[in-house]
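Written below as structure tokens is the structure these notes are about.
Note: hydrogens, waters and symmetry copies are ignored here, and every other heavy atom, side chains too, is used.
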Amino acid sequence: MTTALIFLPLAGALLVWLLPLPARAAGLLATLIALAEVALWAVAVRRFDFGQSLQLENHQSWFSDLGVSYHVGFFGFSLWLAGLTVVVCAAAISYATWVNRERARAYHGLLLFLTGSIVGVFAAQDLLVFYVFFEAMLIPLYVLIGVWGGERRVFATVKFVVYTMAGSLLMLASIIVFGLSQGTFDLVESGASSNEWVFLGFLAAFAVKAPLFPFHGWLVDAYRESPPEVAAILSGVVSKAAVYGLFRIAIAKFDESLVADFQPYILAFATIGLVYASLLAFRARDVRSVTAYSSMAQMGLIVLGLFSLNELGVNGAFLQSVAHGLVSATLFLLAGMLETRTGTSAFARLGGLARGRPDLATVLLVVGVIALAVPGSVSFAGEFLILAGIYAEGWGWAAVGAGAIVLAAMYMLRLISGVLHRSRGEAVGEEALDLRPAELAVVLPLLAALLFLSASPASITERNFPIQGSDVSEAAP
Amino acid sequence: MIETPKVDWLALSPTLALLAAAGVALLAAVIGPTWFRRAFAAFVVFAGFVTAGVLAGFLFDRTPNAQPLLNESMTRDRWAALAAIVLSGAGALSVLVSWGETRRDHAGEFYALLAAAGAGMVFFVGASNLMTLFLGLEWFSIALYILCALDTHRETSLEAGLKYLIVGSFGSGILLFGSALVYGATGELGFGEIAAAGITDDSLLLAGLAMIVAGLGFKASAAPFHMWTPDVYQGAPTSVTAFMSAATKVAALVLTLRVLTVAFPEQEHLWTVAVAVIAIVSLAVGNIAALVQRDIKRLLAYSSVSHAGFMLIAVAANSELGGRALLYYLIPYSAMSIGSFAVVAARERELGVPVTLDNLGGFLWERPLLGASMWVFLLGLMGMPLTGGLVGKFYVFSAAYESGWWWLVVAGVIGTAISLYYYLRVLLAMWTRPDPALRPVVAGGSPPRDPLLVSAVFAALGVTIGSFFFVQPLIDLARDAAASLPF
Amino acid sequence: MGNVLVWAIWIGAAAACLGSGIAVVSFANPFFSALALIGNLASLAVLFLLASAEFVAAAQVLVYAGAVMVMFLFVIAYLGGRADAPFEGGSSWVSFGAVVAATALLVEIVVVIGLKAGDLLADEADVEGAFGSPAEIGRFFLTDHLLAFEITSIVLLIAAIGGVILGTKTRAEEELDARA
Amino acid sequence: MQGPDVTWYLVVSALLFSIGTLGVLLRRSPLIVLLSLEIMLNSANLALISFSRLHGDHDGQIFALAVMAVAASEVVVGLGLIVAVSRRKLVLDVDRFRVLRG
Amino acid sequence: MTQGAWICLLAPLAGAWTITVMGDSISRRSAAWVSTASVFVAFAGALATFVSLLRRGEEERQNLTTAWTWLSTGNFDVGLTLLVDPLAATMMLIVSGVGGLIVLYSVGYMDGDPEERRYFAYMSFFVFAMLLLVQAGNFLILLAGWGLVGLASYLLIGFWHERREAVAAAKKAFIMNAFGDATMALAFFVLIWQTGTLEFAGAFEGAEAMSSTALNLVALGLLGGAVAKSAQIPLHTWLPDAMEGPTPVSALIHAATMVTAGVYLIVRAHPLFELAPSIQDLAAGLGAITLLVAGLVALVQTDIKRVIAYSTMSQIGYMFLGVGLGAYGSGMFHLMTHAFFKALLFMAAGLVIHHLAGEQDIRKMGGVRKVMPRTYLAFLVGSLALVGIPPLSGFFSKDSILAAALASGSYGVALFVAGLLGALLTGIYTFRLFFVVFLGEPSPLVRQHAAGHGHGEGPWTMTVSVAVLSVLAVVGGWIEIAGVWHPFGDWLHVVAEPLVEPSVTQDYVASVLAVALGVGGMGIAWLFYLARKRELPRAAAVRDVLEHKLYFDELYDALFYRPAVWIAGIWRRWIEEPLIGGSISGVTLGARRAGGALGEAQTGYLRTYALAIATAVAVLVVVFVAVQ
């Protein structure tokens, strides 16, 4: 089951690459595959027994002398992350089809490949398999940014590559040390390590991917230069690989005492990043930068939740991961739609788009409002749990976090007004249309998911961990 | 009356097969009609390599444990046999790659020399005394000198040949003097006997050891003995470059590990460190120098230097796992480097000019299959997933860590990180729009229908990717092979 | 008595050997260098002889000083004036480094030898007269070192082929010349 | 044995070796470089032979003979190359061969 | 009986949803009617709930109903729960009732606006959010409604989004409320970790065991939320700006319902406040200060709506004063009557503005009575009720608060005095407005619009709802007459046991004084503004301070906004761009430089290659021989 979920998109990628289809057809084929993937995921959810821990396992020895095996499976929380992946990627692919990127076959193939490898990351139960998918996820990103990106795409790509690869190679070293000292690379069989260097290695990799405060140098350029749908996947989904890794490896596979030692520093960095990114987002000059910094801030918040190390915080972190994934993906897609209409996403040249464009206005408004975590929204639920969890580690963290929520209100409202309100910006012509039906078809499902989750966030939080009412150390597999 | 010694023909069979192929090809080149030479020679030599590979496999199967032959002139063991298989594969692929090179003169001799070089390497990996070591080395080296200079109408080819000849002879001179010193210290030539002489810290021996390490490092093109590599790789005919880049490394590294472990176990504390340092220098130099290259062959040459560094890490590990890692690494590495040079050759033939980052533009769109294969090869050299390159690095690092060389792991990681930058430049260059000025000219015929080259590329592709999915069988082979060295 | 004579010969040979060696690398004209090398090889042969390696000495004179060097001289003659090249030059630091490196190697090896001069190198095996005689050598070539023997032949063959290939003018070259 | 003991043979060979090295490193005429290489090989030969005398076994001498053959082969190929080079009307000066660099 | 509650909650949501989804496919008018209908359905639901509550005995009047678990993790979970009890029922009636009337009024008021649909969708959405707030069965859902009303108010204030001021005002309102939300959330965290639940009952029980500091923190957090939402000092500056929104919005959100949510919160959470008496006193104190300051500022405002806005602030100050002293009944009572007469005032003002084509500056008005006699009456009723002239509604409610203050100790007396002063001020500013706008000779502007727009003083939808509210403003207070009968107090008794029971005498004292001062105020206003017997005192400084609303905006600007901008700028200039952004380019540049250097070393001279080898060998030999 899990294997199918991973390899359907990969096979689809091959298909799209090999079949000599015209651009549109290739796009449609890719979209169909992506939708099939979503359906497959739904089936997986049906089959999944949320009362149990690890399920839908596939186990196949790879090379035995070092104890490496192809081992995949899902926990509740990782199944949700996978769901986020398939949904967001389906939206991204269909949007790419609609905007009809040049060299569609290569492009859509890469997107499908990306989808599959991300799902693989969330399913991996063996360290080397995890690394494999983690890297496989980066390759298509490099190309998608470096080839289809904006003017400064090469610069952005180089930054992205240097950061991410530095991180993940450190992780490779850590993996080797961890696996050899444990005697196995299997995450289920291996015990907890107590080597702080290994811990730091993993931490670095995930801190870059998230990104956490000092490691975000690649963030803005990558998000600004890459095609909108890629940025959507990047910020919405790829960053969550860090969440999974932090929880599944950095927290679950190291001595509690060790994790506890590092906890304050991690929390400090997460908090700094939260405030830092929020303020920069507040002063950023265009939609993409605001979204980029805001998602960095959100990642800081999520890490706060994870390292609160109690069930409230962790559960909230995963809820927030899904919520933020949907939100930022939608925001980037909308940014893309704006750019196709106005050729820019700079506030200086935007404004007044609400007049006569009700659909655009409504969608952007709803997403933005959810993004700033208005009480009653799913992101509010997530942040509430996270901060409630971190409160137990010290009221200061929670206070700063709450303050950051106010900042979030400030920059999101600035974004909304900058685009929709006030007099018409110079880049906004009369010909700038309202959202087309196709675009609505791309965005509305994401929106619907957000609204549904806002109506009942519990539908995720109840199903993240099998053992309810326990502290997270048990919830952690 | 002299009692002629009993010769183990099976042990020599791969070498002999290649020699026979060389001889036949040579005869054809001399007596056959012109139109007939090239095809015939190519076919015979290809068949020779295949036969050699098969025989080596048979040898591997029939040699559960090592046996010295002819008073330790050579050893029959799985270590050599597996290396021979890899070498034969590399040779066969190079033949396929070379087919498209329109060489009107010396075509027959070309293939004969290719086979001769292959034979020399296949013999070399089994050599087990200092004399056969030196002779085997010269055997394939001289063949390679000639091959490099074969395109006498190209000045770069001549330059490559001359540089390779002079610097190479210099290196082998040093190797020779080292051997002499070791002989002087122990009075023995055979590896086993040298170890048996049980001389631990004899200055003569150590000086000799140092010179031998240098000589072998030269052949493996490890820094600082690497400086001939980029020039020669760039100047030599591309098919020869492909062959050298894969086969020479295999031969040199495999034998390096054999010499050091068999003959100098007592000096382990010295040569492991030396090799480790050389490995790090190679990583640094190869990767950093490659950053600024624009000529693809040159860039790949530097990357081969850095890969020599990686494999020397496995050597420095000096453990059974290290040997396993080395042999495993060599398999996908050979495939990737031959494959990438093959693609370069194809591009070169359709453009008629040396391939640079600039005129690689749009390659992926003009030749999707070749371009995609190039992608896979470069990703493999990066050590990315879905290629054996990743598993190879993984094994090498594991071996290093297991032997306590954690700082070698760190060095390797840093080296890899740097290498991404230039590989990525090539990868992205292939995506950019084709420059109209660089429309394929009718130089090597545009576009050359070259099914053999394409099939070679696909074979390399198969190995590169297959070695990722089927690690277990390969590792089993490597384990059996490594078991025949005394760790 | 005879010992003194041996000493004298040895010193003479060694001196000639080193002198001719220096001459080889210092002559501007390759022709003279080649001649000097012949002298060098000959004097080396004498040293071999003193080290009771008759056959090697003989081979040295016949094969080396004879055949190989003659070939050398032929080529030099064929090249004529173009064979001459300025003594050295290029970047000065290369020359400097060259001298330093060479002397370093020399000193090291001498030191190494000196370290051993006392014990190992002092007591040499005493050998019967047949040692190093053609018969002995031949027997070894056919038994223990059969492979080495065969391989040398192969190497020589390859070299010969190479010489032929590189020596002959290809059609590609002809076209180039025609174009020029 | 009569005459000086092995040490002195070795000293001579060491001197020869470094002379040859100097020649390779200093001279620009490929011919003379080849000759210097010959000197290096011969110095090794001298060492081999004196060692074989020292240990009183023939391996050294055999090795020396083999080396002779190899040296000859190198010369052949080298001279062939030089001829080919001169055929291309290139100056016989190793410092002129630097199209390939960087 | 809870069906009523659910209908009441969901009908407006359904209305909003329909309008949004239908989009252009329904006409603007029908959108308006859909919205109105939805709110009136909600009112029906509220009535049904009210009646069914009435039928029950005192103690069965608290019913919880849970739709589904909203948020849960481990042993902590929160349901989407409604609590139906007398307090909730009262609020439901007020919200849906007054709301219904105002939406009906908007049907006329917004007629012809190009984005009517959006407006009515927002209105329905607001009513839904407000109902969610007052019906919430636990703190988290309450906070959800709390935030959503904030959102709705943001949307409606910024409804005319081409106007820069409107957008700015909307943002300001939302952010200040977000601050309040944050403090409430913090309070809830304390509750979660101390009591393990956010259910009202459970939290209140658990609170008994909490330390006083924790209790103070909780109460403070809640108070923060209440203050922000109800525009009490120091978080009050957003309300006057909020008048940028359409007038019905001001009437509904910023007068009748949302801004009074703070009062509701305090009453709802009164057990927590009673356990933290100091904070409760603080609430009362803040109320007193606010009612004075707001009253003063209202004296000098020239925008008709801003005057009423400040009066709203000051009236809510009264309510805070009341509930802060524990007179929950009185507070809620004043909340209700205030909803009536303040909505009335706004809508009457709206009629005037509407009639004068959007003019809001009272200096341009005058003698409106001549052209709009009925509006004049309605406004008069509202003003009298506001000043608290018997027998109008404001009289009863305000005096019960003052009486409670009088009845609760020395601190109470202080507050009582403040309240009295407030009554005086109320009289002055209310009738300043009334005289300037309605009496005297018609100003040129008024004359110019004298003809009207074909429909007298306004379309029937507007006039009808004004009429209904005028009646309510008159009779609304008669359900609680001190010393005579007090069904309202008894009704709320089960929910919030009041802490003070003023004696009848105290009641009468308070009434007499308050009325006297109110009338006095009216007199003063008459002196200065109508009869012009005296010139206004030229206290330029005072006037200046008042016109700048005591410089609160400037203060906050300098305290929060500017520093934030400044820090962000610094960080971007000195950290983000050079360090974080530049680092990598530096690294890559260095690497390439090194590569170039190595390329230089690769001279192409084969002699250097040989030299490299020779040197390396020399080194190796030395090392080996030396180390051995």
Going by heavy atoms in the side chains, are [X] and [Y] under 4.5 Å from each other?
{"X": "B:Phe170", "Y": "E:Ile613", "answer": "yes"}
{"X": "B:Asp231", "Y": "E:Gln602", "answer": "yes"}
{"X": "B:Ile166", "Y": "E:Tyr609", "answer": "no"}

Output the distance between atom [atom1] ([X]) and atom [atom2] ([Y]), rounded to the nearest 0.5 Å.
{"X": "E:Leu598", "Y": "B:Gln293", "atom1": "CG", "atom2": "CD", "result": "9.5 Å"}
{"X": "B:Ile278", "Y": "E:Leu620", "atom1": "CD1", "atom2": "CG", "result": "5.5 Å"}
{"X": "B:Tyr421", "Y": "E:Thr588", "atom1": "OH", "atom2": "OG1", "result": "6.0 Å"}

Can you tell me which portion of E:Ala597 sits under 4.5 Å from chain B's heavy atoms? Options are side chain, backbone, both or neither.
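Answer is neither: E:Ala597 stays 4.5 Å or more from chain B.
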Please give me the minimum heavy-atom distance between [X] and [Y], naming the atom from each residue.
{"X": "E:Ala612", "Y": "B:Pro224", "value": "CB-O, 4.0 Å"}
{"X": "E:Ala591", "Y": "B:Ile288", "value": "O-CG2, 3.9 Å"}
{"X": "B:Trp271", "Y": "E:Phe624", "value": "CA-CZ, 4.2 Å"}

May I ask you to name which of [options] has the most heavy-atom pairs under 4.5 Å with chain E?
{"options": "B:Gly178, B:Ala214, B:Ala207, B:Gly171", "answer": "B:Ala207"}
{"options": "B:Leu205, B:Leu209, B:Ile418", "answer": "B:Leu209"}
{"options": "B:Val213, B:Asn287, B:Leu206", "answer": "B:Leu206"}
{"options": "B:Leu291, B:Val273, B:Val277", "answer": "B:Leu291"}

Contacts of E:Lys171 that satisfy side chain to side chain donor-acceptor pair (under 3.5 Å) - sequence neighbours left out:
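For E:Lys171 there are no side chain to side chain donor-acceptor pair (under 3.5 Å) partners, ignoring immediate neighbours.
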Please report the C-alpha distance between B:Met227 and E:Tyr605 in whole Å, then the side-chain angles of each, then the deciding distance to 0.1 Å, and finally whether the side chain to side chain contact (heavy atoms under 4.5 Å, CB included) criterion is met.
CA-CA 10 Å; B:Met227 297 184 86; E:Tyr605 296 115; over 6 Å; no
Given the options E:Thr615, E:Leu606, E:Val625, which has more heavy-atom pairs under 4.5 Å with chain B than any of the others?
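Greatest number of close heavy-atom pairs with chain B: E:Leu606.
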Between side-chain atoms of residues 561-573 of chain E and protein atoms elsewhere (two or more places apart, or another chain), which donor-acceptor pairs fall under 3.5 Å?
| residue | atom | partner | partner atom | Å |
| --- | --- | --- | --- | --- |
| E:Arg562 | NE | E:Asp557 | OD2 | 2.8 |
| E:Arg562 | NH2 | E:Asp557 | OD2 | 2.9 |
| E:Arg572 | NH1 | A:Arg283 | O | 3.1 |

For E:Phe76, does the CZ atom sit with more than 12 other heavy atoms under 6.0 Å from it, leaving out its own atoms?
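Counting neighbours around CZ of E:Phe76, more than 12 heavy atoms of other residues, nucleotides or ligands fall under 6.0 Å, so yes.
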Check the surroundings of atom CD in B:Glu155: do more than 12 heavy atoms from other residues, nucleotides or ligands lie under 6.0 Å from it?
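Result for CD/B:Glu155: open.
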Examine whether an atom of B:Phe218 lies under 4.5 Å from a heavy atom of chain E, and if so say whether it belongs to the side chain, the backbone or both; otherwise answer neither.
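Contact with chain E involves the side chain of B:Phe218 alone.
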